[in-house]
Amino acid sequence: MWCYRGGSISTEPRINDRIRVPEVRLVGPSGEQVGIVPLAKALELAQEYDLDLVEVAASARPPVCKLMDYGKFKYESAMKAREARKNQAHTVIKEMKLRPKIDPHDYDTKKGHVVRFLKQGDKVKITIMFRGREQSRPELGYRLLQRLASDVEDLGFIESNPKQDGRNMIMVLGPHKKKTEAMAEAREAQAARKAERQGVTVTEDEAPLEADAEVEAPAAVEVTEAAADEAPAEEPNTEA
């Protein structure tokens with residue numbers, strides 16, 4: 001009777017003495033084909049090069065193994081995976097709710113949020129909420145949605161046309177820029193701001209030095225004038 005005792009199945013390749021086959025197809029450190037060699041010989045070469053023998057194709061017959069620094073390989077793989085997750089673009093749908101008779105100031109505020117979302121590369125779901133008698137005038141919501149779409153047309157486009165959904169009217173705006181492009185531009189802008197702040201700091205540090213130099217200059221002039229005043233006083237003594 002088969003019984004599962006739990007635990008996770010390892011996905012890491014077998015290395016060194018964990019490899020249990022009589023012979024392997026060996027690949028050298030630089031990718032060169034060594035050929036089919038006994039496992040003992042492959043382990044001997046790994047020890048000679050101070051590297052690990054890593055099974056890279058277990059399903060092959062015989063299995064393919066490569067000489068490499070497995071610790072360095074795992075580190076580089078982890079860094080690549082981390083960078084890939086960092087640059088991965090997730091599709092996000094933001095939502096903005098408006099009323100048909102929205103105040104001009106509130107409209108500008110809501111529009112500002114929509115502009116920010118579109119610049120970030122996110123989609124925006126615009127919802128017009130009708131209440132009471134407003135439900136009998138859906139054209140108010142339609143005109144408001146068309147106005148908003150027109151105001152942000154340089155950043156986004158109508159991905160889903162306005163449609164009635166119960167007491168609400170919904171429209172979806174899509175950004176012209178892809179999420180990855182928006183993320184890249186945001187990183188560039190952040191780097192530019194950081195460089196600009198560093199430049200301002202250097203200028204401020206240099207300013208006091210220049211001011212001190214200007215203050216010291218008049219002091220040198222005063223000493224020279226004082227010496228000149230003393231010179232005429234000594235001349236009568238010389239004639240006497």
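Any value given below was found using the heavy atoms of this structure, including those in side chains, with hydrogens, waters and symmetry copies removed. Sequence positions, counted from 1, serve as the residue numbers for this chain.
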So, taking the atom named [atom1] in [X] and the one named [atom2] in [Y], what distance separates them when rounded to the nearest 0.5 Å?
X: E95; Y: I126; atom1: CD; atom2: CD1; result: 8.5 Å
X: I170; Y: D165; atom1: CD1; atom2: CG; result: 4.5 Å
X: Q146; Y: L148; atom1: CD; atom2: CG; result: 10.0 Å
X: R14; Y: E55; atom1: CZ; atom2: CD; result: 4.0 Å
X: N161; Y: M171; atom1: CG; atom2: CE; result: 9.0 Å
X: D154; Y: L118; atom1: CG; atom2: CG; result: 9.0 Å

Within one Ile-Leu-Val-Met-Phe-Trp-Tyr cluster: [X] and [Y], side-chain cutoff 4.5 Å:
X: L43; Y: I19; result: yes
X: Y49; Y: L39; result: yes
X: V54; Y: L45; result: no

Does [Y] offer a backbone N or O that forms a donor-acceptor pair with the side chain of [X] under 3.5 Å?
X: K110; Y: K97; value: yes
X: R99; Y: F130; value: no
X: H176; Y: E153; value: yes
X: D103; Y: H105; value: yes
X: N16; Y: L53; value: yes
X: R167; Y: Q164; value: no

Any side-chain heavy-atom pair of [X] and [Y] under 4.5 Å:
X: Y107; Y: L98; result: yes
X: T127; Y: M129; result: yes
X: K123; Y: E159; result: yes
X: I93; Y: D122; result: no

So does [X] have more than 12 non-hydrogen atoms from other groups sitting under 6.0 Å from [atom1]?
X: R18; atom1: CZ; answer: no
X: D50; atom1: CG; answer: no
X: K111; atom1: NZ; answer: yes

Name the atoms and distances for all side-chain donor-acceptor pairs under 3.5 Å in residues 63-74, with sequence neighbours left out.
unit_1, atom_1, unit_2, atom_2, d
D69, OD1, G71, N, 3.3
D69, OD1, K72, N, 3.4
K74, NZ, E12, OE2, 3.2

Between R147 and Y142, is NZ or CZ placed under 6.0 angstrom from the six-membered ring centre and within 45° of the ring axis? no

Counting only pairs under 3.5 Å, give me each side-chain donor-acceptor contact of residues 21-31, with atom names and distances, residues two or more places apart or in other chains.
none

Which heavy atom of P100 sits nearest a heavy atom of L144, and at what distance? O-CD2, 4.1 Å

Check against side-chain contact (heavy atoms from CB on, under 4.5 Å), L140 and E134: CA-CA 8 Å; L140 295 177; E134 293 175 347; 5.8 Å; no

